[in-house]
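Following: one structure in structure tokens, then a few remarks.
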Amino acid sequence: MLAQREHAGYPNVDLGGAAPVLDKNGKPLRGKAAPPYVENGVIIGRFKFIKMIGGGGFGQIYRVVHIEDGNLIAAGKIEPQGQDQGRMILECQVLVLMRGKHHFPTMYCSGDYGRFNFIIMELLGRNLTDIRKRTRNKRMSVISTFKIGIQSTDAFETLHREGYVHRDIKPSNMCVGHADRGNTVYLVDFGMARRFLNKNGNNFRPPRHYAAFRGTMRYVSIRVHERREQTPTDDLISLYYTLIELCEGSLPWRLLTDHDEILTQKLRYDKHKLFMYTPKAMEEFYEHINNLSYNEMPNYDKIREIFQKCLPYGVRCDDPFDWDED
Ligand code: ADP
């Protein structure tokens with residue numbers, strides 16, 4: 001079994017001959033811009049990368065089969081080595097810490113191959129952007145949105161209590177589980193995570209005077225636009241924008257790319273105008289997170305309660321999702 005072979009660190013395994021495709025300036029092409037790195041290739045003699053199923057800004061994600069145990073399927077994430085490889089090392093650290101925890105894909109092993117680094121982990125289902133786009137109205141029902149809200153709050157609580165903020169919360173970094181785990185929401189992509197608690201885990205690290213931008217412009221909080229240090233609150237504000245996008249179908253600044261214009265819209269937008277289909281309870285959620293001070297943990301119970309109020313009596317957050325797909 002793959003799980004029995006797993007190792008936690010960052011082992012130096014079989015160096016293969018695979019090499020990234022370079023752009024005009026000699027830099028590796030990344031993510032979706034690059035042709036599939038390893039389609040049908042075998043890594044460290046054990047994992048066959050069958051088909052690309054996702055590409056982010058950096059890595060490519062494949063459906064992977066274990067060579068000796070054809071029934072064992074997994075997901076393989078692969079990234080060219082180079083300047084940004086710290087992201088994958090960080091991702092491994094977080095995945096090791098979260099191993100066995102609900103809402104996080106289990107990491108089986110990690111290593112390097114040729115001029116790539118890779119992670120083999122639990123295969124998940126589709127991400128929430130893909131699911132939303134396939135629904136009839138390009139938006140999710142209130143029930144699905146708030147079930148996702150409760151499950152995400154559980155996931156954040158687990159991650160934050162381990163001392164990490166995710167810093168890139170958005171619908172494409174949330175997936176449902178594979179096959180019979182389709183009712184569970186998982187967080188992916190920990191390459192931008194940061195430890196916000198000190199070594200002892202009892203206090204917030206002091207904020208830096210200036211924190212470089214981390215995240216995705218459409219979903220980051222106003223504090224992130226202002227280059228302030230991120231805390232659990234900022235993950236929750238990204239969840240706020242995420243849930244509105246899922247429930248409404250879009251955010252008003254979806255077509256903008258300029259940093260200042262997006263910030264202006266976020267500052268200016270009357271919250272009430274953001275909600276056509278979203279219940280008012282979303283305002284209560286925003287009030288709670290927006291009033292937290294730098295080193296205050298969110299009240300996760302209160303947030304779950306707010307979201308639960310939007311679900312019909314008796315509906316649980318882990319009841320099967322009922323996507324209204326074409
Ligand atoms: P990047 O770090 O390059 O942005 P991500 O980790 O965000 O890459 O993954 C990109 C996409 O791949 C995600 O949006 C998701 O759809 C898919 N994905 C990520 N992890 C898995 C997984 N374990 N199983 C299935 N699909 C995944």
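Fair warning: this is a prediction, and the values are worked out from it, not measured in the lab. Numbering starts at 1 and runs along the sequence shown. Atoms within each ligand, like the ligands themselves, are counted from 1 in listed order.
Within the listing of ligand 1, atoms 13 (C), 14 (O) sit less than 4.0 angstrom from a heavy atom of Ser172. The Cys175 neighbourhood of ligand 1 comprises atoms 15 (C), with distances under 4.0 Å to a heavy atom of that residue. For ligand 1, the atoms closer than 4.0 angstrom to any heavy atom of Ala75 are 22 (C), 23 (N), 24 (N). For ligand 1 and Gly54, the ligand atoms under 4.0 Å from any heavy atom of the residue are 12 (O).
When the heavy atoms of Leu123, Ile61, Ile53, Asp130 are ranked by distance to atom 12 (O) of ligand 1, first place goes to Ile61.
In terms of polar-atom proximity, Asn173 is counted as a contact of ligand 1, with an N or O under 3.5 Å from an N or O of the ligand. Every N/O-N/O distance between Gly125 and ligand 1 stays at or above 3.5 Å. Residue Asn127 has at least one nitrogen or oxygen atom sitting less than 3.5 Å from a nitrogen or oxygen atom of ligand 1, judged on distance alone.
A tilted orientation is assigned to the rings of Phe104 and Phe190, their planes being inclined by 30° to 60°. Using cut-offs of 30° and 60° on the angle between ring planes, the pair Phe196 and Phe204 is perpendicular. By the 30° and 60° cut-offs, the orientation of the rings of Tyr300 relative to His160 is tilted.
Contacts of Lys77 with ligand 1, taken as heavy-atom pairs under 4.0 Å, involve the side chain alone. The proximity of Val188 to ligand 1, defined as any non-hydrogen pair under 4.0 Å, is limited to the side chain.
Phe307 and Phe285 have their aromatic ring centers within a separation under 6.0 angstrom. In summary, the aromatic rings of Tyr113 and Phe118 are positioned with their centroids too far apart to meet the 6.0 Å limit.
Both tests hold for Lys147 against Phe321: distance to the six-membered ring centre under 6.0 Å, angle to the ring axis within 45°.
Taking 4.0 Å as the cut-off, Gly191 does not count as a neighbour of ligand 1 on heavy-atom distance. Within the 4.0 Å heavy-atom shell around ligand 1 one finds Arg87.
Between Thr242 and Glu245, the side chains place no donor N or O within less than 3.5 Å of an acceptor N or O (distance only, hydrogens not considered).
At most 12 heavy atoms of other shown residues, nucleotides or ligands fall within 6.0 angstrom of atom CG in Asp322.
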